[in-house]
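Being a predicted model, the structure only gives us computed values, none of them experimental.
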Amino acid sequence: MPPIFLQWLSLVAMILLQSINGTNSNFPAYSSQLKHLLSMSQIQLNNLAFASDAGKLFGWLSGIAANYLPMWLVLILGSSLGLVGYGVQYLFLIGRVSNLPYGAIFFLAMLAGNSICWINTVCYLVAIRNFPLDGQLVIGLTGSYQGLSAKIYTDIVDVIYPFSDVKRARAYLLLSSILPLIVSVINAPLVRVIKVMKTKRAKDAFIFILVITIATGAFAVMGSIGSTSSLLSPFASAVGMLTLLLAPLLIPLGLGLRHQIKQLAEEKVHIEEINNVSMDKMESGVKLDISEIISESPSESFELSFSSTSEEFNGEIRESNNGDDRIRETNQVISVIEEIGVKVMLRRLNFWLYFFVYLFGVTLALVFFNNLGQIAESRGRSASSLVSLSSSFGFFGRLVPSIVEYFVSRRKYMISRPAFVVALMAPTGAAFFLLLANDTSVLRLYISTAIIGVCSGAITTISVSLTTELFGTKNFGVNHNVLVVNIPIGSLLFGYLAAVVYHKEGNAEGKCFGMECYRKTFSLWGTLCFIGTFLALILYARTRKFYNSQRS
(Lines give C-alpha, C1' and ligand atoms only; values in the text may rest on other atoms or scores of the structure.)
Protein backbone atom coordinates (compact mmCIF):
# COMPACT_ATOMS: atom_id res chain seq x y z
CA MET A 1 0.00 0.00 0.00
CA PRO A 2 1.28 3.52 -0.78
CA PRO A 3 2.68 5.45 2.21
CA ILE A 4 0.24 8.33 1.75
CA PHE A 5 -2.66 5.90 2.16
CA LEU A 6 -1.22 4.50 5.41
CA GLN A 7 -0.40 8.00 6.62
CA TRP A 8 -3.96 9.24 6.34
CA LEU A 9 -5.35 5.94 7.56
CA SER A 10 -3.40 6.51 10.79
CA LEU A 11 -5.16 9.88 11.10
CA VAL A 12 -8.57 8.18 10.85
CA ALA A 13 -7.44 5.69 13.51
CA MET A 14 -6.48 8.57 15.81
CA ILE A 15 -9.90 10.18 15.30
CA LEU A 16 -11.70 6.97 16.28
CA LEU A 17 -9.44 6.43 19.30
CA GLN A 18 -9.89 9.96 20.60
CA SER A 19 -13.65 9.89 20.05
CA ILE A 20 -14.02 7.13 22.68
CA ASN A 21 -11.10 8.12 24.94
CA GLY A 22 -12.86 10.78 27.03
CA THR A 23 -14.36 8.22 29.41
CA ASN A 24 -13.79 10.45 32.45
CA SER A 25 -16.27 12.95 30.96
CA ASN A 26 -19.00 10.36 31.51
CA PHE A 27 -18.71 10.64 35.29
CA PRO A 28 -21.27 13.44 35.75
CA ALA A 29 -23.85 11.44 33.78
CA TYR A 30 -23.88 8.62 36.32
CA SER A 31 -22.41 10.24 39.47
CA SER A 32 -25.78 10.93 41.11
CA GLN A 33 -26.89 7.33 40.58
CA LEU A 34 -23.53 6.05 41.82
CA LYS A 35 -23.87 8.21 44.92
CA HIS A 36 -27.31 6.78 45.62
CA LEU A 37 -26.41 3.15 44.89
CA LEU A 38 -23.35 3.22 47.14
CA SER A 39 -24.87 5.53 49.80
CA MET A 40 -21.92 7.94 49.57
CA SER A 41 -21.60 11.47 50.84
CA GLN A 42 -20.86 14.32 48.46
CA ILE A 43 -17.26 14.45 49.71
CA GLN A 44 -16.79 10.73 49.03
CA LEU A 45 -18.25 11.18 45.56
CA ASN A 46 -15.89 14.07 44.92
CA ASN A 47 -12.98 11.87 45.97
CA LEU A 48 -13.96 9.37 43.27
CA ALA A 49 -13.90 12.17 40.69
CA PHE A 50 -10.47 13.10 42.02
CA ALA A 51 -9.35 9.46 41.75
CA SER A 52 -10.07 9.46 38.02
CA ASP A 53 -7.97 12.58 37.62
CA ALA A 54 -5.31 11.21 39.97
CA GLY A 55 -4.54 8.56 37.39
CA LYS A 56 -2.82 11.34 35.44
CA LEU A 57 -0.21 11.52 38.21
CA PHE A 58 1.28 8.43 36.59
CA GLY A 59 0.63 9.49 33.00
CA TRP A 60 4.38 9.94 32.49
CA LEU A 61 4.68 6.14 32.54
CA SER A 62 3.00 6.06 29.13
CA GLY A 63 5.62 8.46 27.79
CA ILE A 64 8.43 6.22 28.99
CA ALA A 65 6.69 3.11 27.64
CA ALA A 66 6.34 4.75 24.22
CA ASN A 67 10.11 5.22 24.10
CA TYR A 68 10.74 1.48 24.38
CA LEU A 69 7.61 -0.34 23.20
CA PRO A 70 5.82 -0.38 19.83
CA MET A 71 2.84 1.96 19.61
CA TRP A 72 0.30 -0.82 19.19
CA LEU A 73 1.41 -2.43 22.46
CA VAL A 74 1.26 0.88 24.36
CA LEU A 75 -2.27 1.33 23.00
CA ILE A 76 -3.43 -2.14 24.07
CA LEU A 77 -1.87 -1.75 27.53
CA GLY A 78 -3.65 1.55 28.06
CA SER A 79 -7.07 0.31 26.99
CA SER A 80 -6.61 -2.81 29.16
CA LEU A 81 -6.15 -0.60 32.21
CA GLY A 82 -9.53 0.98 31.42
CA LEU A 83 -11.09 -2.46 31.02
CA VAL A 84 -10.03 -3.41 34.55
CA GLY A 85 -10.78 -0.02 36.11
CA TYR A 86 -14.30 0.45 34.76
CA GLY A 87 -15.09 -3.24 34.33
CA VAL A 88 -14.71 -4.21 37.99
CA GLN A 89 -16.81 -1.20 39.03
CA TYR A 90 -19.51 -2.38 36.63
CA LEU A 91 -19.41 -5.92 38.05
CA PHE A 92 -19.76 -4.43 41.52
CA LEU A 93 -22.84 -2.42 40.56
CA ILE A 94 -24.60 -5.45 39.08
CA GLY A 95 -23.73 -7.60 42.10
CA ARG A 96 -21.21 -9.95 40.44
CA VAL A 97 -18.47 -8.65 42.76
CA SER A 98 -19.41 -8.28 46.41
CA ASN A 99 -17.84 -6.61 49.44
CA LEU A 100 -15.78 -4.18 47.41
CA PRO A 101 -14.46 -1.53 49.86
CA TYR A 102 -14.45 2.17 49.07
CA GLY A 103 -10.66 2.17 48.85
CA ALA A 104 -10.76 -0.45 46.10
CA ILE A 105 -13.28 1.61 44.10
CA PHE A 106 -10.98 4.62 44.52
CA PHE A 107 -8.04 2.63 43.13
CA LEU A 108 -10.11 1.33 40.21
CA ALA A 109 -11.21 4.86 39.32
CA MET A 110 -7.57 5.97 39.39
CA LEU A 111 -6.56 3.05 37.15
CA ALA A 112 -9.31 3.94 34.68
CA GLY A 113 -8.21 7.57 34.62
CA ASN A 114 -4.62 6.57 33.90
CA SER A 115 -5.70 4.58 30.84
CA ILE A 116 -6.67 7.83 29.08
CA CYS A 117 -3.07 9.07 29.25
CA TRP A 118 -1.77 6.02 27.36
CA ILE A 119 -4.15 6.45 24.42
CA ASN A 120 -3.47 10.20 24.34
CA THR A 121 0.29 9.63 24.27
CA VAL A 122 0.03 7.21 21.35
CA CYS A 123 -2.16 9.60 19.35
CA TYR A 124 0.09 12.61 20.02
CA LEU A 125 3.31 10.83 19.07
CA VAL A 126 1.88 9.24 15.91
CA ALA A 127 0.50 12.63 14.83
CA ILE A 128 3.86 14.34 15.37
CA ARG A 129 5.84 11.67 13.51
CA ASN A 130 3.45 10.92 10.65
CA PHE A 131 2.62 14.58 9.95
CA PRO A 132 5.89 16.41 10.69
CA LEU A 133 4.84 19.56 8.85
CA ASP A 134 1.23 19.66 10.05
CA GLY A 135 1.62 17.95 13.43
CA GLN A 136 -0.06 20.68 15.46
CA LEU A 137 -3.01 20.82 13.09
CA VAL A 138 -3.46 17.03 13.24
CA ILE A 139 -3.10 16.92 17.04
CA GLY A 140 -5.75 19.59 17.46
CA LEU A 141 -8.06 18.07 14.89
CA THR A 142 -7.92 14.53 16.28
CA GLY A 143 -7.90 15.72 19.88
CA SER A 144 -11.09 17.66 19.28
CA TYR A 145 -12.94 14.37 18.89
CA GLN A 146 -12.20 13.54 22.53
CA GLY A 147 -14.57 16.37 23.35
CA LEU A 148 -17.34 14.35 21.69
CA SER A 149 -16.83 11.28 23.88
CA ALA A 150 -19.59 12.09 26.36
CA LYS A 151 -22.01 12.81 23.51
CA ILE A 152 -21.14 9.50 21.79
CA TYR A 153 -21.54 7.46 24.96
CA THR A 154 -24.81 9.26 25.76
CA ASP A 155 -26.20 8.46 22.29
CA ILE A 156 -25.43 4.77 22.76
CA VAL A 157 -26.92 4.68 26.26
CA ASP A 158 -30.05 6.49 25.02
CA VAL A 159 -30.59 3.67 22.51
CA ILE A 160 -30.07 0.88 25.05
CA TYR A 161 -31.72 2.32 28.20
CA PRO A 162 -33.71 5.47 27.41
CA PHE A 163 -35.58 5.62 30.73
CA SER A 164 -34.03 3.69 33.65
CA ASP A 165 -31.48 5.85 35.51
CA VAL A 166 -30.00 2.86 37.35
CA LYS A 167 -29.48 0.87 34.16
CA ARG A 168 -28.08 3.94 32.43
CA ALA A 169 -25.41 4.32 35.13
CA ARG A 170 -24.41 0.69 34.66
CA ALA A 171 -24.38 1.07 30.88
CA TYR A 172 -21.97 4.02 31.07
CA LEU A 173 -19.52 1.94 33.11
CA LEU A 174 -19.84 -1.09 30.83
CA LEU A 175 -19.26 0.95 27.68
CA SER A 176 -16.35 2.83 29.27
CA SER A 177 -14.67 -0.50 29.99
CA ILE A 178 -15.12 -2.37 26.70
CA LEU A 179 -15.48 0.24 23.93
CA PRO A 180 -11.94 1.72 24.19
CA LEU A 181 -10.43 -1.79 24.14
CA ILE A 182 -12.48 -2.86 21.10
CA VAL A 183 -11.58 0.29 19.15
CA SER A 184 -7.91 -0.02 20.22
CA VAL A 185 -7.65 -3.62 19.01
CA ILE A 186 -9.20 -2.69 15.65
CA ASN A 187 -6.91 0.30 15.14
CA ALA A 188 -3.71 -1.10 16.68
CA PRO A 189 -2.22 -2.09 13.27
CA LEU A 190 -2.80 1.44 11.96
CA VAL A 191 -1.14 3.52 14.72
CA ARG A 192 2.43 3.16 13.54
CA VAL A 193 5.04 5.51 12.15
CA ILE A 194 4.88 5.85 8.37
CA LYS A 195 7.91 7.06 6.41
CA VAL A 196 6.66 10.09 4.53
CA MET A 197 8.21 13.33 3.33
CA LYS A 198 5.47 15.75 2.45
CA THR A 199 2.05 16.58 3.78
CA LYS A 200 1.41 20.20 2.85
CA ARG A 201 0.50 19.28 -0.70
CA ALA A 202 -2.62 17.58 0.64
CA LYS A 203 -4.45 20.89 1.10
CA ASP A 204 -7.68 19.49 -0.30
CA ALA A 205 -7.55 16.54 2.10
CA PHE A 206 -7.14 18.80 5.13
CA ILE A 207 -9.95 21.10 4.01
CA PHE A 208 -12.20 18.09 3.43
CA ILE A 209 -11.51 16.61 6.85
CA LEU A 210 -12.08 20.00 8.50
CA VAL A 211 -15.47 20.19 6.78
CA ILE A 212 -16.34 16.69 8.03
CA THR A 213 -15.19 17.58 11.53
CA ILE A 214 -17.24 20.78 11.65
CA ALA A 215 -20.29 18.90 10.35
CA THR A 216 -19.80 16.29 13.09
CA GLY A 217 -19.64 18.99 15.75
CA ALA A 218 -22.70 20.76 14.37
CA PHE A 219 -24.64 17.50 14.40
CA ALA A 220 -23.58 16.90 18.00
CA VAL A 221 -24.60 20.40 19.11
CA MET A 222 -28.02 20.12 17.45
CA GLY A 223 -28.51 16.79 19.16
CA SER A 224 -27.69 18.38 22.51
CA ILE A 225 -30.29 21.15 22.31
CA GLY A 226 -33.67 20.06 23.56
CA SER A 227 -35.81 21.62 20.81
CA THR A 228 -33.84 19.99 18.00
CA SER A 229 -32.82 16.75 19.69
CA SER A 230 -36.49 15.78 19.93
CA LEU A 231 -36.67 15.71 16.11
CA LEU A 232 -34.35 12.68 15.96
CA SER A 233 -34.89 9.36 17.66
CA PRO A 234 -32.01 8.06 19.83
CA PHE A 235 -31.28 5.38 17.22
CA ALA A 236 -31.19 7.90 14.35
CA SER A 237 -28.90 10.16 16.38
CA ALA A 238 -26.50 7.28 17.11
CA VAL A 239 -26.45 6.13 13.47
CA GLY A 240 -25.86 9.69 12.28
CA MET A 241 -22.95 10.13 14.67
CA LEU A 242 -21.39 6.81 13.63
CA THR A 243 -21.68 7.75 9.95
CA LEU A 244 -19.92 11.06 10.53
CA LEU A 245 -17.17 9.38 12.59
CA LEU A 246 -16.46 6.97 9.72
CA ALA A 247 -16.68 9.66 7.01
CA PRO A 248 -12.94 10.58 7.25
CA LEU A 249 -12.20 7.12 5.79
CA LEU A 250 -13.07 8.64 2.42
CA ILE A 251 -9.82 10.64 2.52
CA PRO A 252 -7.26 7.79 2.63
CA LEU A 253 -9.40 5.78 0.22
CA GLY A 254 -9.49 8.70 -2.22
CA LEU A 255 -5.78 9.47 -1.88
CA GLY A 256 -4.89 5.79 -2.24
CA LEU A 257 -7.04 5.45 -5.34
CA ARG A 258 -5.54 8.59 -6.87
CA HIS A 259 -2.05 7.26 -6.20
CA GLN A 260 -2.85 3.93 -7.86
CA ILE A 261 -4.32 5.65 -10.93
CA LYS A 262 -1.26 7.89 -11.18
CA GLN A 263 1.08 4.94 -10.82
CA LEU A 264 -0.75 2.97 -13.52
CA ALA A 265 -0.62 5.98 -15.83
CA GLU A 266 3.13 6.35 -15.24
CA GLU A 267 3.71 2.66 -15.88
CA LYS A 268 1.71 2.87 -19.11
CA VAL A 269 3.74 5.86 -20.28
CA HIS A 270 6.97 4.12 -19.30
CA ILE A 271 6.04 0.96 -21.20
CA GLU A 272 5.31 3.06 -24.26
CA GLU A 273 8.71 4.73 -23.90
CA ILE A 274 10.39 1.32 -23.64
CA ASN A 275 8.61 0.16 -26.77
CA ASN A 276 9.59 3.31 -28.66
CA VAL A 277 13.21 3.01 -27.59
CA SER A 278 13.21 -0.70 -28.47
CA MET A 279 11.89 -0.01 -31.94
CA ASP A 280 14.43 2.78 -32.52
CA LYS A 281 17.36 0.62 -31.44
CA MET A 282 16.17 -2.39 -33.37
CA GLU A 283 15.84 -0.28 -36.49
CA SER A 284 19.35 1.11 -36.02
CA GLY A 285 20.76 -2.33 -35.24
CA VAL A 286 21.81 -1.44 -31.67
CA LYS A 287 21.55 -4.14 -29.01
CA LEU A 288 18.88 -3.29 -26.40
CA ASP A 289 19.96 -3.16 -22.73
CA ILE A 290 16.75 -3.39 -20.70
CA SER A 291 18.54 -2.73 -17.40
CA GLU A 292 19.53 0.74 -18.56
CA ILE A 293 15.94 1.62 -19.41
CA ILE A 294 14.54 0.24 -16.17
CA SER A 295 17.08 2.22 -14.13
CA GLU A 296 15.55 5.35 -15.57
CA SER A 297 12.05 4.39 -14.45
CA PRO A 298 10.11 7.33 -13.03
CA SER A 299 8.10 4.98 -10.84
CA GLU A 300 11.33 3.91 -9.11
CA SER A 301 12.31 7.48 -8.37
CA PHE A 302 8.76 8.07 -7.16
CA GLU A 303 9.05 5.23 -4.64
CA LEU A 304 12.48 6.41 -3.51
CA SER A 305 11.06 9.83 -2.71
CA PHE A 306 9.02 8.25 0.08
CA SER A 307 11.65 5.86 1.44
CA SER A 308 14.41 8.44 1.66
CA THR A 309 12.97 10.09 4.74
CA SER A 310 14.25 8.62 7.99
CA GLU A 311 11.89 7.87 10.84
CA GLU A 312 13.51 10.36 13.18
CA PHE A 313 14.01 13.15 10.57
CA ASN A 314 17.66 14.13 10.16
CA GLY A 315 17.28 17.90 10.11
CA GLU A 316 18.10 18.41 6.46
CA ILE A 317 16.34 21.07 4.43
CA ARG A 318 14.98 19.93 1.10
CA GLU A 319 13.36 22.10 -1.52
CA SER A 320 11.10 20.98 -4.32
CA ASN A 321 11.16 22.44 -7.78
CA ASN A 322 7.71 23.95 -7.45
CA GLY A 323 8.57 27.41 -6.23
CA ASP A 324 6.46 28.03 -3.15
CA ASP A 325 6.17 24.35 -2.32
CA ARG A 326 9.19 24.36 -0.02
CA ILE A 327 9.55 21.51 2.43
CA ARG A 328 11.59 21.74 5.60
CA GLU A 329 12.30 18.49 7.42
CA THR A 330 13.60 18.78 10.93
CA ASN A 331 13.78 16.90 14.20
CA GLN A 332 11.38 19.48 15.62
CA VAL A 333 7.73 19.70 14.73
CA ILE A 334 7.87 23.46 15.10
CA SER A 335 10.42 26.01 16.29
CA VAL A 336 11.05 25.76 20.01
CA ILE A 337 12.50 28.03 22.68
CA GLU A 338 14.69 25.26 24.09
CA GLU A 339 14.99 21.47 24.00
CA ILE A 340 15.06 20.29 27.62
CA GLY A 341 14.16 17.33 29.80
CA VAL A 342 11.84 17.21 32.76
CA LYS A 343 14.49 17.96 35.41
CA VAL A 344 15.56 21.18 33.74
CA MET A 345 11.96 22.05 32.89
CA LEU A 346 10.97 22.01 36.56
CA ARG A 347 13.56 24.74 37.22
CA ARG A 348 12.13 27.09 34.60
CA LEU A 349 9.88 29.99 35.60
CA ASN A 350 7.98 29.57 32.33
CA PHE A 351 6.96 26.09 33.39
CA TRP A 352 5.45 27.24 36.69
CA LEU A 353 3.62 30.12 35.04
CA TYR A 354 2.28 27.63 32.50
CA PHE A 355 1.45 25.14 35.27
CA PHE A 356 -0.73 27.57 37.22
CA VAL A 357 -2.37 28.96 34.08
CA TYR A 358 -3.44 25.40 33.24
CA LEU A 359 -4.48 24.80 36.85
CA PHE A 360 -6.72 27.89 36.97
CA GLY A 361 -8.09 27.29 33.47
CA VAL A 362 -8.48 23.77 32.12
CA THR A 363 -8.34 22.04 35.49
CA LEU A 364 -10.99 24.33 36.98
CA ALA A 365 -13.19 23.61 33.98
CA LEU A 366 -12.74 19.86 34.46
CA VAL A 367 -13.76 20.15 38.11
CA PHE A 368 -16.82 22.12 36.98
CA PHE A 369 -17.71 19.35 34.52
CA ASN A 370 -17.17 16.69 37.21
CA ASN A 371 -19.75 18.50 39.34
CA LEU A 372 -22.26 19.04 36.53
CA GLY A 373 -24.40 16.17 37.83
CA GLN A 374 -24.90 17.84 41.21
CA ILE A 375 -25.08 21.34 39.70
CA ALA A 376 -27.89 20.23 37.38
CA GLU A 377 -29.66 18.40 40.21
CA SER A 378 -29.46 21.45 42.47
CA ARG A 379 -31.24 23.50 39.79
CA GLY A 380 -33.73 20.82 38.83
CA ARG A 381 -32.26 20.06 35.43
CA SER A 382 -31.15 16.95 33.56
CA ALA A 383 -27.47 16.08 33.97
CA SER A 384 -27.35 14.19 30.66
CA SER A 385 -28.37 17.23 28.61
CA LEU A 386 -25.73 19.41 30.28
CA VAL A 387 -23.03 16.78 29.86
CA SER A 388 -23.94 16.39 26.19
CA LEU A 389 -23.90 20.17 25.74
CA SER A 390 -20.49 20.58 27.41
CA SER A 391 -19.14 17.72 25.31
CA SER A 392 -20.38 19.19 22.03
CA PHE A 393 -19.05 22.69 22.70
CA GLY A 394 -15.84 21.25 24.09
CA PHE A 395 -15.42 19.56 20.72
CA PHE A 396 -15.67 22.87 18.87
CA GLY A 397 -13.32 24.45 21.39
CA ARG A 398 -10.68 21.82 20.69
CA LEU A 399 -11.19 22.30 16.97
CA VAL A 400 -10.84 26.11 16.89
CA PRO A 401 -7.02 26.16 17.35
CA SER A 402 -6.65 23.67 14.49
CA ILE A 403 -8.65 25.89 12.13
CA VAL A 404 -6.67 28.96 13.19
CA GLU A 405 -3.40 27.02 12.85
CA TYR A 406 -4.29 25.87 9.34
CA PHE A 407 -5.06 29.32 7.92
CA VAL A 408 -2.44 31.28 9.88
CA SER A 409 0.38 28.88 8.93
CA ARG A 410 -0.47 29.40 5.25
CA ARG A 411 0.37 33.07 5.74
CA LYS A 412 3.85 32.24 7.09
CA TYR A 413 2.98 33.51 10.56
CA MET A 414 3.34 31.77 13.91
CA ILE A 415 0.55 32.60 16.35
CA SER A 416 1.46 33.35 19.97
CA ARG A 417 0.01 30.49 22.03
CA PRO A 418 0.15 32.40 25.35
CA ALA A 419 -1.76 35.31 23.78
CA PHE A 420 -4.35 32.80 22.53
CA VAL A 421 -4.64 31.41 26.06
CA VAL A 422 -5.18 34.90 27.51
CA ALA A 423 -8.03 35.47 25.07
CA LEU A 424 -9.67 32.23 26.25
CA MET A 425 -9.10 32.50 30.00
CA ALA A 426 -10.96 35.80 30.38
CA PRO A 427 -14.33 34.51 29.02
CA THR A 428 -14.00 31.41 31.23
CA GLY A 429 -13.72 33.55 34.35
CA ALA A 430 -16.68 35.65 33.21
CA ALA A 431 -18.74 32.48 32.67
CA PHE A 432 -18.26 31.42 36.30
CA PHE A 433 -19.53 34.80 37.51
CA LEU A 434 -22.47 34.56 35.08
CA LEU A 435 -23.54 31.44 36.99
CA LEU A 436 -24.13 33.60 40.09
CA ALA A 437 -27.12 35.37 38.52
CA ASN A 438 -30.58 34.16 39.53
CA ASP A 439 -32.18 32.61 36.46
CA THR A 440 -35.33 30.55 36.78
CA SER A 441 -35.08 29.44 33.15
CA VAL A 442 -31.52 28.21 33.74
CA LEU A 443 -30.53 29.85 30.44
CA ARG A 444 -27.35 31.26 32.00
CA LEU A 445 -26.37 27.77 33.16
CA TYR A 446 -26.48 26.51 29.59
CA ILE A 447 -24.66 29.58 28.22
CA SER A 448 -21.93 29.36 30.86
CA THR A 449 -21.50 25.63 30.31
CA ALA A 450 -21.09 26.22 26.57
CA ILE A 451 -18.53 29.02 27.10
CA ILE A 452 -16.50 26.97 29.58
CA GLY A 453 -16.64 23.98 27.22
CA VAL A 454 -15.40 25.98 24.22
CA CYS A 455 -12.62 27.83 26.05
CA SER A 456 -11.28 24.90 28.10
CA GLY A 457 -11.37 22.67 25.01
CA ALA A 458 -9.37 25.21 23.02
CA ILE A 459 -6.76 25.62 25.78
CA THR A 460 -6.41 21.82 26.01
CA THR A 461 -5.49 21.69 22.32
CA ILE A 462 -3.20 24.72 22.51
CA SER A 463 -1.35 23.22 25.47
CA VAL A 464 0.08 20.44 23.29
CA SER A 465 1.64 23.00 20.94
CA LEU A 466 2.70 25.24 23.81
CA THR A 467 4.51 22.40 25.60
CA THR A 468 6.56 21.63 22.48
CA GLU A 469 7.34 25.31 21.83
CA LEU A 470 8.43 25.99 25.42
CA PHE A 471 10.32 22.77 26.17
CA GLY A 472 10.94 20.95 22.86
CA THR A 473 9.76 17.75 21.20
CA LYS A 474 12.40 15.23 22.25
CA ASN A 475 10.93 14.68 25.72
CA PHE A 476 7.38 15.75 24.91
CA GLY A 477 5.75 12.50 26.10
CA VAL A 478 7.13 12.91 29.63
CA ASN A 479 7.08 16.72 29.83
CA HIS A 480 3.42 17.09 28.90
CA ASN A 481 2.32 14.34 31.27
CA VAL A 482 4.20 16.12 34.07
CA LEU A 483 2.29 19.31 33.25
CA VAL A 484 -1.11 17.62 33.50
CA VAL A 485 -0.23 16.42 37.00
CA ASN A 486 -1.94 19.64 38.06
CA ILE A 487 -5.29 18.09 37.03
CA PRO A 488 -5.48 15.65 39.98
CA ILE A 489 -4.07 18.30 42.31
CA GLY A 490 -6.72 20.80 41.25
CA SER A 491 -9.40 18.13 41.21
CA LEU A 492 -8.67 17.29 44.83
CA LEU A 493 -8.34 20.86 46.06
CA PHE A 494 -11.13 22.61 44.13
CA GLY A 495 -13.44 19.61 44.14
CA TYR A 496 -13.09 19.13 47.89
CA LEU A 497 -13.88 22.78 48.60
CA ALA A 498 -16.93 22.57 46.33
CA ALA A 499 -18.08 19.42 48.12
CA VAL A 500 -17.69 21.04 51.56
CA VAL A 501 -19.80 24.05 50.52
CA TYR A 502 -22.40 21.75 48.93
CA HIS A 503 -22.58 19.61 52.07
CA LYS A 504 -22.88 22.67 54.31
CA GLU A 505 -25.80 24.06 52.30
CA GLY A 506 -27.47 20.64 51.89
CA ASN A 507 -30.30 19.01 53.83
CA ALA A 508 -30.21 16.08 56.24
CA GLU A 509 -30.16 13.63 53.32
CA GLY A 510 -27.01 15.21 51.90
CA LYS A 511 -28.75 16.84 48.94
CA CYS A 512 -28.76 20.54 48.13
CA PHE A 513 -31.22 22.51 46.02
CA GLY A 514 -31.05 26.14 44.89
CA MET A 515 -28.50 28.80 43.97
CA GLU A 516 -26.65 28.74 47.30
CA CYS A 517 -25.26 25.23 46.72
CA TYR A 518 -22.48 26.55 44.49
CA ARG A 519 -22.59 30.36 44.87
CA LYS A 520 -19.38 30.64 46.93
CA THR A 521 -17.72 28.00 44.78
CA PHE A 522 -18.42 29.83 41.52
CA SER A 523 -17.14 33.10 43.03
CA LEU A 524 -13.87 31.42 44.01
CA TRP A 525 -13.47 29.67 40.66
CA GLY A 526 -14.12 32.88 38.72
CA THR A 527 -11.55 34.78 40.79
CA LEU A 528 -8.92 32.08 40.31
CA CYS A 529 -9.59 32.03 36.58
CA PHE A 530 -8.90 35.77 36.33
CA ILE A 531 -5.68 35.25 38.30
CA GLY A 532 -4.78 32.63 35.71
CA THR A 533 -5.49 35.19 32.98
CA PHE A 534 -2.96 37.55 34.58
CA LEU A 535 -0.35 34.77 34.78
CA ALA A 536 -0.96 33.98 31.11
CA LEU A 537 -0.26 37.64 30.32
CA ILE A 538 3.10 37.36 32.11
CA LEU A 539 3.93 34.22 30.13
CA TYR A 540 3.00 36.04 26.94
CA ALA A 541 5.32 38.94 27.81
CA ARG A 542 8.18 36.54 28.51
CA THR A 543 7.78 34.66 25.21
CA ARG A 544 6.73 37.52 22.93
CA LYS A 545 10.23 37.96 21.50
CA PHE A 546 10.34 34.29 20.45
CA TYR A 547 6.99 34.42 18.64
CA ASN A 548 7.84 37.72 16.95
CA SER A 549 11.03 36.14 15.62
CA GLN A 550 8.98 33.48 13.83
CA ARG A 551 7.46 35.93 11.39
CA SER A 552 8.61 35.14 7.87
Legend entry - Under 3.5 Å side-chain donor-acceptor pair for T142 and Y124: no
Legend entry - Under 3.5 Å side-chain donor-acceptor pair for Y90 and S176: no
Inset, instruction - Specify whether F360 and F356 have parallel, tilted or perpendicular ring planes, treating 30° as the upper limit for parallel and 60° as the lower limit for perpendicular. - result: tilted
Legend entry - Geometric class of the F131/W8 ring pair [parallel <30°, tilted 30-60°, perpendicular >60°]: perpendicular
Mark yes or no for whether [X], through its side chain, and [Y], through its backbone, hold a donor-acceptor pair below 3.5 Å.
X: N130; Y: R192; result: yes
X: N479; Y: I340; result: yes
X: S19; Y: L16; result: yes
X: N187; Y: V183; result: yes
X: T533; Y: C529; result: yes
X: W72; Y: V185; result: no
X: T461; Y: R398; result: yes
X: N371; Y: V367; result: yes

Measuring only between side-chain heavy atoms, which start at C-beta, is [X] closer than 4.5 Å to [Y]?
X: F368; Y: S456; answer: no
X: L366; Y: V362; answer: yes
X: S390; Y: I452; answer: no

Inset, instruction - Check step by step if side-chain contact (heavy atoms from CB on, under 4.5 Å) holds for L179 and I156. - result: CA-CA 11 Å; L179 197 55; I156 298 174; 4.1 Å; yes
If you measure from [atom1] on [X] to [atom2] on [Y], what distance do you get to the nearest 0.5 Å?
X: F106; Y: F50; atom1: CZ; atom2: CZ; result: 5.0 Å
X: L249; Y: L9; atom1: CG; atom2: CG; result: 6.5 Å
X: S79; Y: I182; atom1: OG; atom2: CD1; result: 10.5 Å
X: F208; Y: I251; atom1: CZ; atom2: CD1; result: 5.5 Å
X: I20; Y: I152; atom1: CD1; atom2: CD1; result: 8.5 Å
X: I116; Y: Q146; atom1: CD1; atom2: CD; result: 6.5 Å

Legend entry - Closest contact, heavy atoms only, I209 versus I15: CD1-CD1, 3.8 Å
Inset, instruction - Kindly give the heavy-atom pair with the smallest separation between V191 and A188, and that separation in Å. - result: CG2-O, 3.3 Å
Inset, instruction - Would you sort out whether T216 and M241 count as a side-chain contact (heavy atoms from CB on, under 4.5 Å), showing the intermediate values? - result: CA-CA 7 Å; T216 305; M241 183 59 67; 3.9 Å; yes
Inset, instruction - Decide if the gap between the ring center of Y145 and the ring center of F395 is smaller than 6.0 angstrom. - result: yes
Inset, instruction - Answer yes or no: does atom OH of Y496 have more than 12 heavy-atom neighbours from other residues, nucleotides or ligands under 6.0 Å? - result: no
Legend entry - Enclosure of F107 CZ (heavy-atom neighbours >12, cutoff 6.0 Å): no
Legend entry - From CA spacing to verdict: side chain to side chain donor-acceptor pair (under 3.5 Å), T23, Y172: CA-CA 9 Å; T23 50; Y172 273 109; over 6 Å; no
Inset, instruction - Apply the test side-chain contact (heavy atoms from CB on, under 4.5 Å) to residues S463 and H480: give CA-CA distance (whole Å), side-chain angles for both, the deciding distance (0.1 Å), then the verdict. - result: CA-CA 8 Å; S463 68; H480 193 68; 3.5 Å; yes
Inset, instruction - Could you check L470 against R348 for side-chain contact (heavy atoms from CB on, under 4.5 Å), going step by step and ending with a plain yes or no? - result: CA-CA 10 Å; L470 293 177; R348 293 288 191 264; over 6 Å; no
